[in-house]
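A short write-up of the structure that comes next.
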Amino acid sequence: KYRPTALLAYARAMHTLSMRKNVYAPADGFDPTPLYDELISRYLESPEAVFSAIYKATRMVDLNRSDEAIAFLEKFLSDFKGERKLMGAVHTMLAQEYILTRNDYKTAIKHYVAVRDLGVANPRNQAPAQFRIARIYDVRLKDYDAAEREYKRYLKEYPDSGEAVLAKRYLKELDDR
């Protein structure tokens, strides 16, 4: 009936406009969730389904329904049969929500490791995920051996990245303990 990319563009535009009251009257009070649900159910293995899941979960978070967003994204991860590289954004959002709403750093690391290891669709997301893994071990979990291992891995894989200087400094701080 609709091309998935066109439907996603429409849903996202209306979603964005609905967050800006009185800018576009037809969007005021618009709920894009049914469109996102349709995209997910009809095109489950597609990139559009992944974006729809992220946008739907973002809307849930915006409505202070983070637990529902986490449950929805975890189920989406288990149901998704498409290209696993597309899951980087889902894992990243889950990691962030586990940190922000539950202080669950171990589960966040699990999701950041998935971003790092999946060979995500956008490789630029792998370096920040690796850096976050190291920082969580270092600052939040106080597992300094794991932090050292992860900083070293970061420096080996991303020696010219923006955070390389920080990773070296944090490694030195670990050595000075």
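Just the heavy atoms: all of them, side chains too, but no hydrogens, waters or symmetry mates, feed the values below.
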Worksheet item: So which heavy atom on A147 is nearest to which on A134, and how close?
Response: CB-O, 3.8 Å
Practice prompt. List in chain and number order the residues that pass side-chain hydrogen bond (donor to acceptor under 3.5 Å, both in side chains) with K152, two or more places apart in sequence or in another chain; answer none if no residue qualifies.
Written response: E148
Worksheet entry | Candidate pair R12 and Y36, rule side chain to side chain contact (heavy atoms under 4.5 Å, CB included), full reasoning | CA-CA 9 Å; R12 185 63 182 143; Y36 294 143; 3.8 Å; yes
Worksheet item: Got a second to check how far K168's NZ is from L166's CG, nearest 0.5 Å?
Response: 11.0 Å
Discussion item. Is there a continuous path of hydrophobic side-chain contacts, each under 4.5 Å between heavy atoms, that joins M87 to L44?
Written reply: yes
Worksheet entry | Reported OG1-to-NE2 distance for the pair T33 and H15, which is rounded to 0.5 angstrom | 7.5 Å
Worksheet item: Quick one: salt bridge (Lys or Arg N to Asp or Glu O under 4.0 Å) partners of E163, sequence neighbours excluded?
Response: none
Fill in: Residues which pass side-chain hydrogen bond (donor to acceptor under 3.5 Å, both in side chains) with K110, listed by chain and number, not counting sequence neighbours
none
Discussion item. Working to the nearest 0.5 angstrom, can you tell me the gap between L118 CG and E83 CD?
Written reply: 9.0 Å
Fill in: Any side-chain heavy-atom pair of R140 and N103 under 4.5 Å
no
Counting only pairs under 3.5 Å, give me each side-chain donor-acceptor contact of residues 52-64, with atom names and distances, residues two or more places apart or in other chains.
from : atom 1 : to  : atom 2 : distance (Å)
S52  : OG     : E48 : O      : 2.8
K56  : NZ     : D37 : OD1    : 2.5
T58  : OG1    : I54 : O      : 2.8
R59  : NE     : D31 : OD1    : 3.1
R59  : NH2    : D31 : OD1    : 3.3

Fill in: Qualifying residues under side-chain contact (heavy atoms from CB on, under 4.5 Å), relative to I99, sequence neighbours excluded
Y105, A108, Y112, I136
Worksheet item: Hey, are the side chains of L77 and R84 touching, using non-hydrogen atoms and a 4.5 Å cut-off?
Response: yes
Worksheet entry | Heavy-atom pair with the smallest gap, counting every atom of A164 and P159 | CB-O, 3.4 Å
Worksheet item: For the hydrophobic clusters of this structure (ILVMFWY residues joined by side-chain heavy atoms under 4.5 Å, transitively), does one cluster hold both M14 and L39?
Response: yes
Fill in: Same apolar cluster (I L V M F W Y, side chains within < 4.5 Å links), Y154/V113
no
Fill in: Side chain proximity check, Y137 to R149, heavy atoms < 4.5 angstrom
yes
Response to the item:
Between the CG atom in L73 and the CD atom in E68, the distance rounded to the nearest 0.5 Å is 10.5 Å
Worksheet item: Are V139 and I133 connected in a single hydrophobic cluster, I mean Ile/Leu/Val/Met/Phe/Trp/Tyr linked by side-chain heavy atoms less than 4.5 Å apart?
Response: no
Worksheet item: Taking only residues two or more places apart in sequence or in another chain, which ones pass salt bridge (Lys or Arg N to Asp or Glu O under 4.0 Å) with E157?
Response: R153
Worksheet item: How would you list, by chain and number, every residue that makes a salt bridge (Lys or Arg N to Asp or Glu O under 4.0 Å) with K106, sequence neighbours excluded?
Response: none
Item to complete: Apply side chain to side chain contact (heavy atoms under 4.5 Å, CB included) to the pair V115 and R132, showing each step before the final yes or no.
Response: CA-CA 11 Å; V115 172; R132 289 181 183 120; over 6 Å; no
Worksheet item: Can you list the residues that meet the side-chain hydrogen bond (donor to acceptor under 3.5 Å, both in side chains) rule with S18, with sequence neighbours excluded?
Response: none
Practice prompt. Determine whether F30 and L35 make a side-chain contact, defined as any pair of heavy atoms from C-beta on separated by less than 4.5 Å.
Written response: yes
Under 3.5 Å, side-chain donor or acceptor atoms of residues 169-177 against the rest of the protein: list the pairs with distances, not counting sequence neighbours.
from : atom 1 : to   : atom 2 : distance (Å)
K172 : NZ     : D176 : OD2    : 3.1
R177 : NH1    : Y144 : OH     : 2.8

Item to complete: Not counting sequence neighbours, list each pair that qualifies as a ring-ring contact (aromatic ring centres under 6.0 Å, His included) and has a residue in residues 57-79.
Response: F76-F80
Worksheet entry | Distance (rounded to the nearest 0.5 Å) between R3 CZ and Y10 OH | 15.5 Å
Discussion item. Among residues at least two apart in sequence or on other chains, which ones pass side-chain hydrogen bond (donor to acceptor under 3.5 Å, both in side chains) with Y151?
Written reply: R135, D138
Worksheet item: Among the clusters formed by ILVMFWY side chains lying less than 4.5 Å apart, do L17 and M19 turn up in the same one?
Response: no
Which atom pairs, donor and acceptor, lie under 3.5 Å between side-chain atoms of residues 88-98 and protein residues at least two apart or in another chain?
from : atom 1 : to   : atom 2 : distance (Å)
H91  : ND1    : H111 : ND1    : 2.8
T92  : OG1    : G88  : O      : 2.9
E97  : OE1    : S66  : OG     : 3.2
Y98  : OH     : E74  : OE2    : 2.8

